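The structure presented is a predicted model; accordingly, all values stated were derived computationally and were not measured. Protein chains get the first letters and strands the later ones, always in sequence-line order, with residue 1 at the start of each.
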Protein chains: 2
Amino acid sequence: MGTTHLEPVQEPKYWHLKTVLNEALDSEFAVGEVLPNERELAARFGVARATLRQALEQLELEGRLQRRRGVGTTVAPPRMGVSIGPAQGSWPGAAGDAWRTVGCVEAPAPAAVARLLGEDPDSAADAGTLVHTVRRVRMMHGQAVATELLYVPRTSVPGLPETLSPATHPRAVLRELNRLDLESEDRAVELGSARAEDAKQLERLPGAPVLVVTTRYVAAGRVVAVAVATYRADTCRLTFGDTGSMEITHHDGAEQRQAS
Amino acid sequence: MGTTHLEPVQEPKYWHLKTVLNEALDSEFAVGEVLPNERELAARFGVARATLRQALEQLELEGRLQRRRGVGTTVAPPRMGVSIGPAQGSWPGAAGDAWRTVGCVEAPAPAAVARLLGEDPDSAADAGTLVHTVRRVRMMHGQAVATELLYVPRTSVPGLPETLSPATHPRAVLRELNRLDLESEDRAVELGSARAEDAKQLERLPGAPVLVVTTRYVAAGRVVAVAVATYRADTCRLTFGDTGSMEITHHDGAEQRQAS
DNA sequence: TAGTGGTCTAGACCACGCT
DNA sequence: GCGTGGTCTAGACCACTAA
């Protein structure tokens with residue numbers, strides 16, 4: 001990455017800059033390596049820092065870079081493929097999955113969730129059903145890749161005792177849920193930005209781009225649970241389907257060296 | 001939306017601004033309505049235009065706003081649910097789907113595609129297989145929501161004549177493809193930014209956020225085709241699963257009035 | 001041609017991670 | 001405390017759309 005000042009083009013500077021950096025990343029940097037700091041880079045390319053940042057932002061969005069305040073900008077490893085249903089025992093709480101339960105409360109369902117549960121919109125308006133709300137975090141390669149809120153109406157798990165200790169509560173809900181036999185799952189994926197709470201658990205700043213996966217679990221003809229999972233969009237590629245053979249984690253880039 | 005100057009908080013201004021605007025959008029604006037211009041809004045909230053823009057950018061990312069150069073900023077309708085296989089005859093070219101074919105060439109497969117097709121990485125390095133490359137656009141409600149490049153190796157459609165006119169070529173490829181019986185599909189979804197070419201067809205600026213859906217079609221134990229589809233992330237919610245009953249296009253917001 | 005959003009600049013200060 | 005990325009400002013000019 002030389003002191004290449006940009007030749008005048010009729011293409012936004014930040015766009016051209018992005019291309020140049022992308023190529024430099026492929027050919028001159030190893031995964032995990034730290035780039036020069038933003039002031040340095042901006043000077044080297046002869047642009048304002050804000051312009052340089054616009055290019056870096058996009059590269060981070062595309063999963064090529066990782067930036068951390070107080071630390072620096074590093075070359076990101078290829079996105080990891082995370083398997084989303086129906087395979088790999090994603091039925092919440094199945095043994096061996098990579099979810100870690102971090103809490104559970106019992107509260108009225110938010111309006112949006114009530115609608116997904118197939119409530120009558122009117123009745124949901126004034127009094128949402130009581131739902132067990134389990135918060136979980138999905139770990140992969142020692143990193144938090146997703147947070148999830150799992151909503152289970154009390155009516156879905158009638159076998160539960162009235163009062164539960166915070167320690168056993170989530171486990172009990174998941175256990176009861178696994179007793180039901182799952183008929184099907186509906187899923188939707190959309191782009192969102194991390195709310196403050198999620199951002200913290202994903203070790204990102206609020207507003208970071210995330211992929212929101214909404215799942216409805218159907219058993220015995222009824223929606224028995226709804227999950228809203230928030231995946232880091234920068235580091236994750238969501239994989240669907242039977243085999244999981246697309247889980248190959250390799251990338252285009254020329255050499256795949258490793259930083260010390 | 002009053003002349004509410006922001007009270008001093010220890011939260012980024014643009015973040016707070018986003019919250020305020022989001023609420024105003026729910027309560028004081030109808031879908032399709034145009035907002036005051038950026039200079040006006042910035043003045044009204046007592047912030048620099050760049051700061052105001054940071055808030056607007058996020059709201060656009062979340063599908064709440066739509067901005068068009070030379071026109072203005074309007075309140076976006078709720079995201080539309082677009083169905084992604086395996087239902088709804090998504091096997092390319094099936095009758096009645098909303099894809100419009102815009103071109104077709106025969107060329108060596110790019111390295112990334114060759115890998116997805118299950119090629120030997122070494123042989124792919126020096127000589128990619130010849131593939132038919134069909135470019136399609138997915139329309140919904142009269143709007144382009146996705147572009148797709150469908151890669152079909154010549155070996156997958158041996159029945160095809162050597163030379164084809166540009167007009168009949170794509171149709172012929174799709175027809176041959178439909179003769180095979182599809183065994184399964186692998187899919188992956190990740191965040192990307194629109195390349196110049198895609199952006200144009202999606203009526204967005206280059207770099208706009210998109211959801212990239214990569215599909216591998218398997219028939220007779222082999223990968224017979226690979227599709228890379230690029231969906232507008234601002235206007236689309238991708239839906240997966242059996243019923244498509246999550247296709248409800250309604251949103252949280254209080255009233256859902258309609259602009260004139 | 002007037003008005004919009006998009007790009008760009010050259011500064012300043014802040015919050016955070018390290019050491 | 002020092003260096004990093006994150007936020008913010010107050011300008012300027014450009015590219016596009018529509019009247």
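Checked for salt-bridge contact, B:E38 and B:R67 meet the test: a charged N lies under 4.0 Å from a carboxylate O.
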Where along nucleotides 14-19 of chain D does protein come under 4.0 Å, by heavy atom, of base (B) or sugar-phosphate alone (S), with - for untouched nucleotides?
-BBB--
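Checking the phosphate oxygens (OP1, OP2) of D:dT4, no side-chain nitrogen or oxygen of A:T73 falls inside 4.0 Å.
Comparing A:T51 and B:R49 against DNA chain C, the residue whose closest nucleotide sits nearer the 5' end is B:R49. Map B:P206 and B:N37 each onto its nearest nucleotide of DNA chain C; the residue landing nearer the 5' end is B:N37.
The two residues B:A233 and A:L191 make their nearest non-hydrogen contact at CB-CD2, 3.6 Å. In this structure, A:S193 and A:G207 approach most closely via the heavy-atom pair CB-O, 3.3 Å. Scanning all heavy atoms of the two residues, the minimum distance from B:V134 to B:T101 falls at CG1-CG2, 3.8 Å.
The side chain to side chain donor-acceptor pair (under 3.5 Å) test applied to B:R135 returns B:E197, B:D198, B:Q201, not counting sequence neighbours.
Distance, A:E40 CD to D:dG3 C1': 13 Å, rounded to whole Å. Taking atom CZ on A:R67 and atom C1' on D:dT4, their separation rounds to 11 Å, with Å as the unit. For the pair A:L41 CG and D:dG5 C1', the interatomic distance rounds to 12 Å; values are reported in whole Å.
Nucleotides of DNA chain C lying under 4.0 Å from heavy atoms of chain A occupy a range whose first and last members, 5' to 3', are C:dT7 to C:dG17.
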Evaluate the criterion side-chain contact (heavy atoms from CB on, under 4.5 Å) for residue pair A:L21 and A:L56; output intermediate values, then yes/no.
CA-CA 9 Å; A:L21 284 168; A:L56 294 185; 4.0 Å; yes
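By the 30° and 60° cut-offs, the orientation of the rings of B:W99 relative to B:Y231 is perpendicular.
Formation of a donor-acceptor pair under 3.5 Å by the B:S27 side chain with backbone atoms of B:E23 is found in this model.
At the heavy-atom level, A:L205 lies under 4.0 Å from the strands shown only through sugar-phosphate atoms.
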